[in-house]
Each structure stands twice: as C-alpha cells, then as structure tokens.
Amino acid sequence: MATLNCVPITQEVSFKVPWGVLAGKLWGNPDSEKKILAVHGWLENAGSFDRLAPLLFENELFAQKYSMLAIDLAGHGFSSHHEDGVPYVMLHYAMDLKHVLNHLGWKKFEILGHSMGGGISSLLVIGLPDQIDHYITIDAFSPMGIRPDQYLNRLKHTLEDASTIYSIPDGFKTYPTKESIFQRILEGNKELNEEGAKVLAIRGTKSVENGFTFTRDLRIKAGSSMYFLEKSYLEFTQAVLDHISIPSMCIVPTESHLKRKEFLSSLKFPENYTCRMVPGNHHVHTNT
C-alpha cells in the first residue's frame, strides 16, 4: 500500500549526473501502476509539492494506483550545482529529467509542472509524446513570455552578470537563526504563506558554521534563456496546444502576479485541454 494512516510513504532519492547528483522526493509505492513526475518552479525545490501530495494520497484509489516523484532541478534544493561555465537553461533541465526517466525506465507517466516547471513540462510533452499520458500545469502554459522592453532589459543584465557563470560567486548571506532565514523567504516572496515557506525551507536552506544559508546556486538568476518575447510566447504556446493529443489541464490561480488568465482569450484550446480557474495566487499548491 502507498499510504499509512492516510499519510503517503515518502523517501529521498538521488540520481548520478556528471556534475554530482539530482536529488528528489518520492511519495507512494515506487512500483505503482501509475506514476507522476512533478516539476517545481524557479528558485523553489521538490518541497513545493509537500502540502499537495498528502491531499492527493488521501484518496484511497489514488494511493493504491499512483506514486509521485519530484526532482530538485539542478542548482536547486539538495541537487548539485553546475560546474563553472555551465549556465542554467530550460532545455538543460528537461534533458536532466529525461536522464532520470531513462534511469527509472518509466515507459508511461503523467506530468505536473508549476510555473517554470510547467514550461519544462511543455518541452517534455513535445519531446516525449509517446510516454506522457496526462499533462497538468499550475500557473503555466509554456516557457515565460515577456514584453520586448523587458526582454531587452533582461538581456542587458544577463551580459552584465555573465562573469558569474564562469566562476562561482561568493555564497549567500548567512542568517543567524532559522527564524531569520525563514523571514527572509517570506519577505522575498509575498505570495507564499507561512506554511508554504516552511516546506520550501526544508530543502532550500542549510546549516553552516555561523547560522543558516540557502542551498540553491546563486547563478540560477543569471540568464534570460527561459523567456520568450510575448508574441513568440503566444505562438509557441499555441503550437504546443495544437500538438497535444493527451488529456491536459492548466490550473490558473485567479490572484497570481503572472496574470495567466489574460492570455486565455488569445489561445485556442483543443477539446482535450481544460483550463480551470481556482482561487489563490501563484503558489496555490504550496500554500494549500
């Protein structure tokens, strides 16, 4: 059975890669009939699904049939940081997940992606059409789209920050207590509630000599390769929608700062694709 007193069995997992390991978390029985790959958002980690997973596994039928695997993307959570000179780009994240899937030997699976993880999921849906049975995103349709002025500004900062790609910068500030770094998480993301921040902090922070610091790689913030120009974003998203032949859903939080609902009228959705508006903000699944 995949549950114990309605709480899913969880275990830490890791997979070797040339620069170290990709860490992750597995809920449920690894030999389950059906499997879900959950992909977290930018600057987050596999813990972003810590509050959603128990709710899913409360359903006895779900618990009997499913397991769910969330990977800390490279440079996030407990996963290793890239070597000097290797930037963090969306296609690389998708390739890393393909490496994990090959290792596991998953022939069929369902995919759930939040924000940037939804964009990464869209690449996998295109690249692995015969392996993915269901495609669900939270506050994402495909890789991000921004206005031309925003893109130019981001490109400028990318070149200014290029040196950080080639040598690991000084680490994050050290915070004297768990409470102080926890408060920093809340200050940095106004859409997280306290419970959501707590689960992200488990994999997102670590103890060091003089207190606590973040586990993620500072260099994640360098680069604009995860963004499209807004027009190209709509064109790419439509191409993804036109390509999809599997049951799919986008969960659109009504209070998200990304305002995905504004794009709904600009896209044509296939019959097998559902958009569901839900109350909440960008971190609706983590704040649950």
Side-chain angles (χ1 to χ4, degrees), residues 5 7-15 19-27 38-55 57 68-84 88 93 114-117 138-139 157 161 163-165 167-223 226 253 255-258 280-288:
N5 296 329
V7 178
I9 295 171
T10 61
Q11 58 181 293
E12 290 292 321
V13 295
S14 65
F15 305 90
W19 65 91
V21 298
L22 291 173
K25 188 169 185 177
L26 178 71
W27 291 267
V39 190
H40 68 76
W42 188 52
L43 304 182
E44 298 174 13
N45 56 66
S48 68
F49 299 99
D50 271 358
R51 292 176 61 77
L52 176 63
L55 298 177
F57 281 89
M68 186 165 81
L69 172 67
I71 297 294
D72 291 329
L73 297 172
H76 296 73
F78 294 155
S79 288
S80 299
H81 299 181
H82 277 171
E83 297 174 336
D84 290 1
Y88 291 94
Y93 290 136
H114 169 244
S115 194
M116 183 184 78
I138 303 170
D139 210 13
H157 287 299
D161 296 340
S163 60
T164 66
I165 298 297
S167 62
I168 298 175
D170 293 336
F172 281 104
K173 173 183 175 181
T174 298
Y175 296 82
T177 64
K178 282 186 178 181
E179 179 61 25
S180 59
I181 197 169
F182 175 71
Q183 288 302 318
R184 178 65 188 91
I185 294 172
L186 288 173
E187 290 168 5
N189 195 323
K190 302 299 184 184
E191 292 185 81
L192 273 176
N193 64 17
E194 289 195 6
E195 293 303 316
K198 284 177 182 177
V199 293
L200 288 179
I202 293 170
R203 307 178 77 85
T205 63
K206 62 182 179 181
S207 175
V208 292
E209 184 177 353
N210 297 316
F212 298 86
T213 192
F214 292 102
T215 58
R216 66 177 182 262
D217 192 340
L218 278 166
R219 298 173 297 168
I220 291 171
K221 288 192 172 183
M226 67 180 65
E255 305 304 320
S256 171
H257 70 282
L258 295 179
N281 61 32
H282 183 62
H283 294 286
V284 62
H285 66 302
T286 308
N287 292 336
T288 298

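Quantities reported herein were computed from a predicted structural model and do not represent experimental measurements.
Rounding to the nearest 0.5 Å gives a distance of 4.5 Å between CE of Met116 and NE2 of His76. Between atom CD of residue Glu44 and atom CG of residue Asn189 there is a gap of 7.0 Å, rounded to the nearest 0.5 Å. The distance from atom OG1 of Thr286 to atom CZ of Arg51, rounded to the nearest 0.5 Å, is 9.0 Å. Summarising the geometry, atom CG belonging to Leu43 is positioned 9.5 Å from atom OG belonging to Ser115; distances are rounded to the nearest 0.5 Å. Atom CG of Asp84 is separated from atom CZ of Arg219 by 5.5 Å, given to the nearest 0.5 angstrom. The line from CG of Asn45 to CZ of Phe78 is 7.5 Å long, rounded to the nearest 0.5 Å.
Closest approach of Phe214 and Ile185 over heavy atoms only: CE2-CG1, 3.7 Å. Across Ala46 and Asp72, no two heavy atoms sit closer than the pair N-OD1, 2.8 Å. Between Ala53 and Met68, the shortest heavy-atom contact is CB-CE, 3.7 Å. Across Lys25 and Thr10, no two heavy atoms sit closer than the pair CE-CB, 4.1 Å. Of all heavy-atom pairs between Ser79 and Ala23, the closest is OG-N, 2.8 Å. Closest of all the heavy-atom pairs between Gly20 and Ser80 is CA-OG, 3.4 Å.
Between His285 and Phe49, the ring planes are tilted. Angles from 30° to 60° get that label. Ring geometry for His283 against His114 counts as tilted: the plane angle lies between 30° and 60°, on a 0 to 90° scale.
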Query raised in the report: Where do Thr215 and Arg203 land on the side-chain contact (heavy atoms from CB on, under 4.5 Å) test, with the steps shown first?
Result: CA-CA 7 Å; Thr215 58; Arg203 307 178 77 85; 5.7 Å; no

Query - side-chain contact (heavy atoms from CB on, under 4.5 Å) between Glu195 and Asn287, intermediate numbers included - result: CA-CA 6 Å; Glu195 293 303 316; Asn287 292 336; over 6 Å; no

Query raised in the report: Would Thr174 and Asn210 count as a side chain to side chain donor-acceptor pair (under 3.5 Å) if you check the C-alpha gap in whole Å, the side-chain angles of each, and the deciding distance to 0.1 Å?
Result: CA-CA 7 Å; Thr174 298; Asn210 297 316; 5.8 Å; no

Requested in this report: Report the C-alpha separation of Ser48 and Val199 in whole Å, then their side-chain angles, then the decisive distance to 0.1 Å, and conclude whether the side-chain contact (heavy atoms from CB on, under 4.5 Å) test is met.
Outcome: CA-CA 7 Å; Ser48 68; Val199 293; over 6 Å; no

**Report entry** Worked check of side-chain contact (heavy atoms from CB on, under 4.5 Å) between Asn281 and His257
**Finding:** CA-CA 7 Å; Asn281 61 32; His257 70 282; over 6 Å; no

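By the 4.5 Å heavy-atom criterion applied to side chains, Leu73 and Trp42 are not counted as neighbours. Residues Val39 and Tyr93 form no side-chain contact, since every pair of their non-hydrogen atoms from C-beta on lies 4.5 Å or further apart. Within the 4.5 Å cutoff, side-chain heavy atoms of Tyr88 are placed close to those of His81. Counting heavy atoms from C-beta outward, Tyr175 and Phe182 have side chains that stay 4.5 Å or more apart.
A donor-acceptor contact shorter than 3.5 Å links the side chain of Thr213 to the backbone of Lys173.
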